[in-house]
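Order of the sequence lines fixes the chain letters, A, B, ..., with proteins taken first and strands second; residue numbering starts at 1 for each chain. None of the values given here were measured: they were computed from a predicted structure.
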2 protein chains.
Amino acid sequence: MAALDLLGRRGALRIVWELREGRVLTFRALQAAAELPPGTLNTRLAELRAADIVAADAGYRLSPRGSDLIAALWPLLRWSEDWASAMGDR
Amino acid sequence: MAALDLLGRRGALRIVWELREGRVLTFRALQAAAELPPGTLNTRLAELRAADIVAADAGYRLSPRGSDLIAALWPLLRWSEDWASAMGDR
DNA sequence: GCTCCGTGCTACAAAATTTGTAACATGGAA
DNA sequence: TTCCATGTTACAAATTTTGTAGCACGGAGC
């Protein structure tokens, strides 16, 4: 489960999420969107780039493999919406 | 994305994974399976129980909502297998 | 009764990670 | 050359995690 280990690090899923649907963000825009300090963002981006999930090319964007990841995340995101509304009801 | 924040904490996804398919594990068995020290496991279990993902009932098991989560995780797990074999090829 | 296990869980100091803020260096535009 | 936005690094403080040890409880067997 090496991939889950990587994605379980602080901010990793959030970064991928912010780059969904072909979005291209600068380092600073990504920092603001993902609410991460630059040190953590930089560490995480290095890991995600080494894992071929994120590509740096005139800003940061998802690699093809990263796009596959987003697709695989949709059910989880839908679950988390259900979870949020269920938790809100209490 | 409060749910993703919770699931992004160290060991959280791993704990859910170890409880897949109706498995019921003791605290110590879960500790060994998820490879977590007791302090971290305890913190994480408290969070997962508060989130109604894990239930403590003669051992630890997934709640119904936790089972939904596992179902939503399958595409991600399949992606991570693909990722692992692709990464191994380099 | 008492002892022996296995249980969930806590204590605590050391190690690792994250945070927040500041700044650096580079490159393009004005 | 001045300005501005970029990616990135520095560094100390705060937080989290780790590893190990042990506690308190409950049941089984004697």
Side-chain angles (χ1 to χ4, degrees), chain A residues 1-67 69 80 87, chain B residues 1-67 69 80 87:
Chain A
M1 303 288 101
L4 293 193
D5 179 57
L6 168 56
L7 295 175
R9 301 242 234 293
R10 261 255 192 349
L13 276 180
R14 181 70 179 271
I15 290 171
V16 172
W17 171 247
E18 298 298 343
L19 295 176
R20 86 201 97 110
E21 290 162 356
R23 270 164 235 221
V24 181
L25 298 184
T26 67
F27 187 95
R28 286 172 134 90
L30 194 47
Q31 197 187 139
E35 298 175 293
L36 288 174
T40 305
L41 178 57
N42 210 33
T43 303
R44 218 52 82 230
L45 279 176
E47 294 165 352
L48 290 170
R49 281 200 272 172
D52 186 29
I53 291 170
V54 165
D57 163 33
Y60 293 97
R61 73 186 69 209
L62 292 182
S63 70
R65 194 178 303 287
S67 300
L69 171 55
S80 91
M87 293 303 278
Chain B
M1 303 289 102
L4 293 193
D5 178 59
L6 168 56
L7 294 176
R9 301 243 234 293
R10 261 252 194 352
L13 275 179
R14 181 71 180 271
I15 290 171
V16 172
W17 171 248
E18 297 298 342
L19 294 176
R20 84 202 96 111
E21 290 161 356
R23 270 164 236 221
V24 181
L25 298 183
T26 66
F27 186 94
R28 287 170 133 89
L30 195 47
Q31 197 187 142
E35 298 175 291
L36 289 173
T40 305
L41 177 58
N42 208 34
T43 303
R44 219 51 83 226
L45 279 176
E47 295 165 352
L48 290 171
R49 282 200 272 172
D52 187 28
I53 292 169
V54 165
D57 163 32
Y60 292 96
R61 73 186 70 209
L62 292 182
S63 71
R65 194 178 304 287
S67 300
L69 171 56
S80 91
M87 292 304 279

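The minimum heavy-atom distance linking Ala58(B) with Val24(B) is given by the pair O-CG1, 3.5 Å. Closest approach of Leu41(A) and Phe27(A) over heavy atoms only: CD2-O, 3.5 Å.
Within the 4.0 Å cut-off from OP1 or OP2 of dT16(D), not a single side-chain nitrogen or oxygen of Arg44(B) is found. Under 4.0 angstrom from either OP1 or OP2 of dT18(D) there lies at least one side-chain N or O belonging to Thr40(B). For the pair Asn42(A) and dT9(D), the criterion of a side-chain N or O lying under 4.0 Å from OP1 or OP2 is met. Within the 4.0 Å cut-off from OP1 or OP2 of dC9(C), at least one side-chain nitrogen or oxygen of Tyr60(B) is found.
Proximity of a side-chain donor or acceptor of Arg14(B) to a complementary backbone N or O of Asp5(A) within less than 3.5 Å is not detected.
The CG atom of Leu30(A) sits 14 Å away from the C1' atom of dT8(D) (whole-angstrom rounding). At whole-Å resolution of the value, CG in Leu45(A) and P in dT6(D) are 15 Å apart. Taking atom CZ of Arg49(B) as the reference point, atom C1' of dG8(C) lies 9 Å away to the nearest angstrom. Taking atom CG of Leu41(A) as the reference point, atom P of dT21(C) lies 16 Å away to the nearest angstrom. Taking atom CZ on Arg10(B) and atom P on dT17(D), their separation rounds to 7 Å, with Å as the unit. In this structure, Phe27(A) atom CZ and dC24(C) atom C1' are separated by 14 Å, rounded to whole Å. In this structure, the CG atom of Leu36(B) is 16 Å from the P atom of dT16(D), given to the nearest Å.
A donor and an acceptor atom sit less than 3.5 Å apart, one in the side chain of Arg28(A) and one in the base of dG7(D).
For Pro38(A) and Arg9(A), each mapped to the nucleotide of DNA chain C holding its nearest heavy atom, the one lying further toward the 5' end belongs to Arg9(A). DNA chain D is contacted by both Gln31(B) and Thr26(A); Thr26(A) maps to the nucleotide lying nearer its 5′ end (nearest heavy atom per residue).
With a 4.5 Å cut-off on side-chain heavy atoms, Arg23(B) and Glu18(B) do not count as touching.
In this structure, Arg20(B) is positioned above the aromatic face of Trp17(B), its NZ or CZ under 6.0 Å from the six-membered ring centre and within 45° of the axis.
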